[in-house]
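Data first, discussion second: the structure below is written as structure tokens.
Atoms within a ligand are numbered from 1 in the order they appear, just like the ligands themselves.
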Amino acid sequence: MKIAVLAGDGIGPEITGQAERILLALRSDGLKLELEPGLLGGCAVDASGEPFPEITRKLVKEADAVLLGAVGGPKYDGLPREKRPEQGLLAIRKELNLFANLRPAILYPELASVSTLKPEIVSGLDILIVRELTGDIYFGRPRGIERRDGQRVGFNTMIYTEAEISRIAHVAFQAARKRKGGLCSVDKMNVLECTQLWRDVVTETAKEYPDVNLSHMLVDNAAMQLVRNPRQFDVIVTGNMFGDILSDEASMLTGSIGMLPSASLDDQNKGLYEPIHGSAPDIAGKDMANPLATILSVAMMLRYSFAQEEAALRIEHAVRKVLAQGFRTNDIYEPGMKKVGTIEMGNAVLANL
Ligand code: IPM
Ligand code: MG
């Protein structure tokens with residue numbers, strides 16, 4: 001198992017550092033894996049002028065899976081759009097055809113009181129957001145800022161093909177089948193033709209999954225329902241932009257965005273694994289970041305790309321134990337708990353592994 005490790009910027013190196021320790025511990029237990037570091041995002045811009053340099057492209061193409069920290073930071077905000085760290089992330093997703101982004105939002109019982117929502121609303125929460133990741137307004141053309149009739153006009157194109165919708169729908173139906181069998185497709189068909197097609201294709205795909213209970217919801221209502229009664233959801237499937245927004249919202253139900261892992265998969269289960277949070281430049285280098293989302297991303301990697309279910313469960317159980325033992329990074333801290341930094345949190349997970 002060849003794993004490319006792209007630590008990225010900000011807290012990226014700190015959190016991937018802890019995740020690597022977990023992988024190395026599993027290697028000493030007999031898992032055959034190799035870690036290969038590479039540059040993506042702002043650190044790559046610093047080193048080569050490009051957010052996704054050729055050498056990184058080669059590395060990730062050859063790897064079986066990619067572990068990513070986070071990219072971006074204020075230092076790069078002034079760069080032209082094509083040189084921004086985020087472009088590196090979008091380019092790697094597109095290059096590897098990682099169209100299926102799985103973002104589970106699970107509330108660990110120990111963190112019920114950390115959520116900004118009432119414990120009785122969020123306890124037992126277990127949602128999977130399936131976000132399409134290589135299409136939509138993120139990649140649609142034409143796009144740009146132009147001068148027209150003496151003023152500037154900004155424009156983007158929201159576009160989905162039937163094939164793009166049906167392949168992500170299949171991923172979502174299959175995921176729902178393995179869970180509680182509920183799938184809610186989120187769109188804005190009352191206004192946008194692109195998402196009318198989305199609803200039509202998802203509905204047609206449903207014929208192949210009579211055992212899955214499909215519903216549809218408009219995105220504004222979905223945003224409201226996620227905070228009103230989030231436990232009504234099992235699997236949510238939606239496009240790239242709505243999925244970006246709803247997954248950040250869902251993360252807060254679980255107490256902290258620092259807890260949420262993700263997998264971005266192609267049609268062969270090759271994948272890129274990353275926490276859903278960003279590079280958090282404000283706490284970078286301070287040994288404060290929560291490494292659990294990245295460590296849980298490694299569990300997803302072992303499960304989805306390498307079919308190592310047992311190793312994945314070992315990591316997930318270790319994380320649960322660490323929470324039960326009261327270890328908390330700053331983002332999930334409550335009085336009475338043991339406040340730890342990034343490295344100590346890594347130590348605690350290793351000890352339980
Ligand atoms: C995410 C992030 C990215 C996105 C950014 C950093 C480009 O917000 O992975 O959710 O919008 O997809
Ligand atoms: Mg996002």
Side-chain angles (χ1 to χ4, degrees), residues 6-12 15-16 39-45 50-52 56 60 66-105 127-140 143 156-160 164 168 186 219 222-223 226 236-254 256-266 271-282 284 289-290 293-294 296-297 300-301 331:
L6 311 178
D9 311 315
I11 58 171
I15 54 177
T16 51
L39 297 177
L40 183 82
C43 58
V45 172
E50 297 294 331
F52 184 36
T56 305
V60 298
V66 181
L67 177 67
L68 177 72
V71 298
K75 181 177 165 193
Y76 309 103
D77 282 350
L79 291 176
R81 182 154 299 275
E82 68 279 6
K83 299 276 181 200
R84 288 182 59 116
E86 292 80 4
Q87 287 305 312
L89 186 55
L90 296 176
I92 199 173
R93 288 173 178 170
K94 196 74 177 171
E95 175 80 30
L96 298 180
N97 199 21
L98 305 172
F99 68 91
N101 184 210
L102 310 182
R103 298 191 160 186
I127 300 177
L128 176 67
I129 297 185
V130 178
R131 169 190 177 195
E132 200 290 330
L133 203 60
T134 51
D136 203 354
I137 196 165
Y138 269 55
F139 294 94
R143 62 190 298 157
N156 288 88
T157 304
M158 184 177 224
I159 180 166
Y160 266 123
E164 286 174 311
I168 192 71
V186 171
V219 64
L226 268 176
I236 293 176
V237 64
T238 191
N240 203 345
M241 182 164 66
F242 297 160
D244 178 43
I245 300 167
L246 293 180
S247 60
D248 266 32
E249 188 188 6
S251 76
M252 279 323 283
L253 306 173
T254 72
S256 170
I257 196 167
M259 293 299 299
L260 263 67
S262 78
S264 306
L265 306 175
D266 73 1
L272 179 147
Y273 299 82
E274 57 174 325
I276 84 154
H277 61 71
S279 58
D282 53 322
N290 184 347
T294 317
L296 290 167
S297 298
M300 291 187 89
M301 174 190 290
D331 56 315

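With a 4.5 Å cut-off on side-chain heavy atoms, L40 and V60 do not count as touching.
Scanning V71, L68, N240, L89 for the heavy atom closest to atom 5 (C) of ligand 1 points to L89. Closest to atom 3 (C) of ligand 1 by heavy atom, among Q87, E86, R93, M241, is R93.
We find the OG-NE2 distance between S251 and H277 to be 10.0 Å, quoted to the nearest 0.5 Å. We find the CG-CD1 distance between L260 and I276 to be 5.0 Å, quoted to the nearest 0.5 Å.
Residue contacts with ligand 1 do not include E274, since none of its heavy atoms lies under 4.0 Å from the ligand. Not close to ligand 1: H277, with no non-hydrogen atom less than 4.0 angstrom away. Contact annotation: I276 has no heavy atom less than 4.0 Å from any atom of ligand 1.
Among protein heavy atoms, the minimum distance from atom 4 (C) of ligand 1 is reached at Y138 OH, 3.4 Å. For atom 10 (O) of ligand 1, the closest non-hydrogen atom on the protein side is D244 OD1, 2.9 Å.
Panel note: side chain N101, backbone V130; no donor-acceptor pair is recorded below 3.5 Å.
For the side chain to side chain contact (heavy atoms under 4.5 Å, CB included) test with E274, the passing option among L6, L67, L89, V66 is L89; the others fail.
Side chains of E132 and T134: a donor on one and an acceptor on the other come within 3.5 Å. Side-chain contact, D9 with Y76: no donor N or O sits under 3.5 Å from an acceptor N or O.
Close contacts of ligand 1 with R131, meaning ligand atoms under 4.0 Å from a residue heavy atom, involve 1 (C), 4 (C), 9 (O), 10 (O), 11 (O), 12 (O).
Of all the heavy atoms of R103, the ones lying under 4.0 Å from any atom of ligand 1 belong exclusively to the side chain. When heavy-atom distances to ligand 1 are checked against a 4.0 Å cut-off, R84 has no atom that comes that close, whether in backbone or side chain.
Take the N/O/S atoms of D244: the one nearest the Mg ion (ligand 2) is OD1.
Between P74 and P281, the shortest heavy-atom contact is CD-CG, 3.5 Å.
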